[in-house]
Amino acid sequence: QVPLVESGGGLVQAGDSLRLSCAASGRTFSSSVMGWFRQAPGKEREFVAFITWKGDFTNYGDSVKGRFTISRDSTKNTGYLQMNSLKPEDTAIYYCAAANSWTVERRNFHSWGQGTQVTVSS
């Protein structure tokens, strides 16, 4: 398992943008997939997006399609989540995670970061 560290969260207004980063700390990211999930207070952790580490496939949750873009820089062992047109309902703790298969199921991700808070005010 590789330690993952998220950064880039913050407080923004509706319509603004943020870019989250997920760094594989101290090791080469060796899993097949990097994903992002989010969890709002009182809600289940929700799939946001994943990208194959080769960069040849991405998948998005319905609630973020067309607004969020996932990417990665394998030379930096870092993944990114560009979030545009943010809405108050995007407010959550955002987690990155690693998996060895193309999956949107939380249980299939084996390594998790500590999370970064994103708050969108109306």
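Computed from a predicted model, the values in this text were never measured in an experiment. In what follows, residues are counted from 1 in the order of the sequence shown.
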task: Following the transitive rule for hydrophobic clusters with a side-chain heavy-atom cut-off under 4.5 Å over Ile, Leu, Val, Met, Phe, Trp and Tyr, establish whether Val48 and Val104 coincide in one cluster.
output: no
Are [X] and [Y] close enough that some pair of their side-chain heavy atoms sits under 4.5 Å apart?
{"X": "Thr119", "Y": "Val12", "value": "no"}
{"X": "Leu86", "Y": "Leu18", "value": "yes"}
{"X": "Gln39", "Y": "Tyr95", "value": "yes"}
{"X": "Gln82", "Y": "Ser71", "value": "no"}
{"X": "Thr103", "Y": "Phe50", "value": "no"}
{"X": "Ile51", "Y": "Phe57", "value": "no"}
{"X": "Leu20", "Y": "Val118", "value": "yes"}
{"X": "Tyr80", "Y": "Ile70", "value": "no"}

message: Donor-acceptor pair, distance only, cut-off 3.5 Å: does the side chain of Arg67 make one with the backbone of Ser85?
response: yes
task: Look at the side chain of Thr91 and the backbone N and O of Val120, then say whether any donor-acceptor pair between them is shorter than 3.5 Å.
output: yes
- prompt: Between Glu46 and Ser63, does a side chain to side chain donor-acceptor pair (under 3.5 Å) hold up when you go through it step by step?
  reply: CA-CA 10 Å; Glu46 173 191 20; Ser63 60; 3.2 Å; yes
- request: Kindly say whether the aromatic ring centers of Phe37 and Phe47 come within a distance under 6.0 Å.
  value: yes
field: Pair Trp53 and Phe29, ring centroids less than 6.0 Å apart
entry: yes
query: Less than 4.0 Å between a side-chain N and a carboxylate O, is that true for Lys87 and Asp90?
result: no
message: Side chains of Ser17 and Asn84: any donor to acceptor distance under 3.5 Å?
response: yes
message: Taking the cut-offs as 6.0 angstrom to the six-membered ring centre and 45 degrees off its axis, would you call Arg45 and Trp112 a cation-pi pair?
response: yes
